[in-house]
Amino acid sequence: MDTQFSDRLAASPERSKRLHGRRSAQQSPRESPRRLSLTSPSTSPSRRVRADDESRTRPLGVVDRFLPTVQSDIATSPPRIRPRATSPNGQGSDRMSSQTVTTRHALLRNELLGHQVTSPTAIARAAQASRQREQAHAASGLGSASETESHVVQESVPGTVTSVLRYKPVAPKPVPLATNLSPVSSASQKLLAAPHHQARQIPNTPYKILDAPDLIDDFYLNLLDWSSTNTLAVALDTCVYLWSARTSAVTKLCDVAEPRTVPKVTSLRWALDGKQLAVGLGDGTLGLWDPVKTSLVRSYAAHPSRIGCLAWNPTLVAAGSRDNKITVHDPRDRAACAYTIEGHSQEVCGIQWAPNGTHLASGGNDNRLFVWHPSASTDRPLHSFSHAAAIKAIAWSPHQHGLLASGGGTADKSIRFWNTLSGQMVHLVNTGSQVCNLAWSPHSKELVSTHGFSHNQVIVWSYPAMTQLAVLTAHTARVLYLAVSPDGKSICTGAGDETLRFWTVFKKGNTRKTTHAVLAPMSQLR
């Protein structure tokens with residue numbers, strides 16, 4: 001604010017109104033993420049899709065200072081108060097404020113009423129118990145708990161006195177030590193020193209959007225995957241495109257319609273090291289491609305019909321097909337097939353290797369979920385589970401050995417967790433819509449699910465409580481495809497609306513810093 005403008009602050013009400021109008025007109029709405037088509041020439045690195053600006057635009061008509069006029073006075077005309085900022089999902093600030101209020105209430109209980117509350121969760125438990133008593137009394141028809149228990153006022157917080165109105169001797173407070181100079185009690189000191197967990201804020205809007213024309217809207221296909229080298233592969237009709245997350249450059253890997261006319265790309269999956277991409281076609285052909293040379297390394301006539309799902313372990317690649325079979329191939333061998341797994345009576349919709357690479361889970365259109373140990377048997381599964389609809393979403397937990405999550409189709413709408421060591425179901429959650437994909441966070445006990453009919457949403461869950469951390473509803477069609485970034489922080493979703501949307505949903509892992517001693521050079525050797 002310059003000197004001339006400060007001298008004219010109290011000039012006239014009209015000048016203040018014009019100034020408010022000018023500042024309001026300068027406010028611009030928040031820009032939405034730009035889109036980039038994978039098949040258009042605009043996908044060069046010079047025109048990258050920028051992440052959504054995290055800066056917030058102040059609402060219209062709200063200023064950051066009070067401008068007094070001649071007729072008003074600062075003491076009698078208080079400044080306009082800005083609305084409280086909220087988190088992107090609209091929950092972070094409210095949760096933080098309620099936590100602060102709870103701690104303040106517990107502190108007042110300790111200092112004024114002589115309670116011994118050392119954790120704010122005790123107050124929350126007491127409030128929950130009070131609500132349960134109210135509901136129980138209302139259900140029994142005895143009236144409210146305050147009417148029936150007016151003669152007995154008892155707190156459910158541990159360490160509190162029974163009632164303020166009862167004349168009972170209260171235990172004397174412990175005499176503080178001479179070295180303790182704090183004006184509050186020891187219980188309040190523990191309360192203030194207790195850790196306060198901040199609620200994690202998950203943005204409810206994607207930070208990047210890519211147009212994906214001709215992305216097939218088919219529940220039984222798998223057309224999206226993210227490699228460990230930070231390259232996203234997506235199949236659009238008969239073509240496979242590679243998008244680099246580092247440079248935003250788009251490369252056309254192959255077009256299967258050039259030598260053929262009928263088959264389309266029906267599945268793809270990166271190898272664990274990101275050096276090869278397995279591509280399954282509609283005629284049952286399995287091809288292994290080199291993304292650097294953009295050339296076909298090896299091709300197998302794996303199945304007589306389309307390959308809808310693929311899965312890699314460190315040395316093998318498995319392919320599930322409409323012919324109800326799973327073929328396992330060794331990329332180092334030119335043989336047609338290492339072995340075949342038979343057990344499903346209908347199309348194989350999803351397959352997934354366990355983190356140790358020894359067990360294989362497969363879900364089919366016959367509503368069956370099998371867990372195989374291929375080295376032991378290829379015709380008898382180790383475990384057999386079931387849903388009420390087709391099973392495409394399968395995900396092994398990277399945090400608990402033997403824990404498998406699966407999701408059912410439109411007639412099932414549930415996520416089920418299985419203990420493959422004991423063969424028992426651990427948990428069941430009804431999501432209310434078709435479950436298309438499941439993926440675990442590699443750094444925390446959280447998982448994300450994508451859904452089709454009828455909500456077309458993306459949900460982030462906390463395991464084992466299975467509470468919803470965020471519900472993302474930007475897609476306008478079934479969210480059929482899902483891929484997790486190599487850092488485990490972001491995901492990419494593809495839907496029938498022919499868009500790819502990038503979200504930040506998981507926590508980023510803690511990177512360990514390795515320090516090498518200068519006087520011990522041999523410590524760097526493995």
Side-chain angles (χ1 to χ4, degrees), residues 38 212 214-227 231-243 253-254 256 263-272 274 276-289 302-303 305-313 317-329 344 346-353 360-365 369 390-396 405-409 434-440 448-452 458 475 477-485 491-496 498 500:
L38 288 172
D214 298 328
L215 184 63
I216 302 177
D217 186 4
D218 194 333
F219 174 79
Y220 298 97
L221 306 185
N222 292 272
L223 306 178
L224 184 68
D225 198 20
W226 207 331
S227 73
T231 301
L232 187 75
V234 58
L236 304 179
D237 196 19
T238 61
C239 301
V240 176
Y241 292 91
L242 306 180
W243 179 81
L253 179 65
C254 64
V256 298
K264 297 181 179 180
V265 179
T266 55
S267 60
L268 53 83
R269 181 62 64 92
W270 285 101
L272 299 183
Q276 284 187 340
L277 178 66
V279 178
L281 303 183
D283 61 352
T285 303
L286 173 62
L288 303 181
W289 291 80
H303 296 273
S305 56
R306 73 177 183 188
I307 300 175
C309 50
L310 296 166
W312 286 81
N313 71 358
V317 55
S321 174
R322 184 182 275 179
D323 63 357
N324 314 338
K325 300 178 182 179
I326 302 172
T327 57
V328 181
H329 306 265
H344 289 280
Q346 294 188 34
E347 180 177 4
V348 180
C349 305
I351 54 177
Q352 193 73 252
W353 287 99
L360 179 67
S362 64
N365 201 31
L369 174 66
I391 304 171
K392 175 190 176 184
I394 302 173
W396 291 88
S406 61
Q434 179 188 37
V435 183
C436 300
N437 294 278
L438 288 172
W440 288 86
V448 60
S449 61
T450 67
H451 301 271
V458 180
H475 283 289
R478 295 188 298 173
V479 189
L480 299 173
Y481 311 113
L482 172 67
V484 183
S485 63
I491 63 171
C492 177
T493 57
E498 297 185 347
L500 302 179

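Quick note: residue numbers are just sequence positions, from 1. None of these values were measured; they are calculated from a predicted model.
Every residue two or more places apart in sequence or in another chain that forms a side chain to side chain donor-acceptor pair (under 3.5 Å) with D218 is listed here: R306. For W353, there are no side chain to side chain donor-acceptor pair (under 3.5 Å) partners two or more places apart in sequence or in a different chain. Residues forming a side chain to side chain donor-acceptor pair (under 3.5 Å) with T450 (at least two apart in sequence, or on another chain): N437. Under the ring-ring contact (aromatic ring centres under 6.0 Å, His included) criterion, W270 pairs with no residue, sequence neighbours left out. Listed by chain and residue number, nothing satisfies the ring-ring contact (aromatic ring centres under 6.0 Å, His included) test with W289 (two or more places apart in sequence, or in another chain). Annotation: ring-ring contact (aromatic ring centres under 6.0 Å, His included) contacts of H344 (sequence neighbours excluded): F370.
Contact record, C436 with V479: CB-O, 3.3 Å, taken as the closest heavy-atom pair. Contact record, A439 with V484: CB-CG2, 3.7 Å, taken as the closest heavy-atom pair. Shortest non-hydrogen contact noted between N222 and G308 is ND2-O, 2.7 Å. Scanning all heavy atoms of the two residues, the minimum distance from A212 to L236 falls at CB-CD2, 3.8 Å. What you find for T493 and L224 is that their closest heavy atoms are C-CD2, 4.3 Å. G494 and L500 get closest at one heavy-atom pair: CA-CD2, 3.7 Å.
The OG atom of S321 lies 10.5 Å from the CG atom of L310; values are rounded to the nearest 0.5 Å. To the nearest 0.5 angstrom, L277 atom CG is 10.5 Å from R269 atom CZ. In this structure, OG on S267 lies 8.5 Å from CD1 on I351, to the nearest 0.5 angstrom. One finds the CG atom of L223 at 10.5 Å from the CG atom of D217 (value rounded to the nearest 0.5 Å). Between the OG atom in S406 and the CG atom in L369 there is a gap of 5.0 Å [rounded to 0.5 Å]. Here the CD1-SG distance, from I394 to C349, works out to 8.5 Å after rounding to the nearest 0.5 Å.
At least one donor-acceptor pair under 3.5 Å links the side chain of H303 to the backbone N or O of A319. For the pair K392 (side chain) and L480 (backbone), a donor-acceptor distance under 3.5 Å is present. A donor-acceptor pair under 3.5 Å is absent between the side-chain atoms of T231 and the main chain of L242, judged by distance alone.
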Report task. Applying side chain to side chain contact (heavy atoms under 4.5 Å, CB included), run through Y481 and L215 and close with a yes or a no. Result -> CA-CA 10 Å; Y481 311 113; L215 184 63; 4.0 Å; yes

Report task. Could you walk me through whether L281 and V265 pass the side chain to side chain contact (heavy atoms under 4.5 Å, CB included) test, one step at a time? Result -> CA-CA 5 Å; L281 303 183; V265 179; 4.0 Å; yes

Report task. Please report the C-alpha distance between L360 and Q352 in whole Å, then the side-chain angles of each, then the deciding distance to 0.1 Å, and finally whether the side chain to side chain contact (heavy atoms under 4.5 Å, CB included) criterion is met. Result -> CA-CA 6 Å; L360 179 67; Q352 193 73 252; 5.7 Å; no

Query raised in the report: Can I491 and V458 be said to form a side chain to side chain contact (heavy atoms under 4.5 Å, CB included), step by step?
Result: CA-CA 10 Å; I491 63 171; V458 180; 4.2 Å; yes

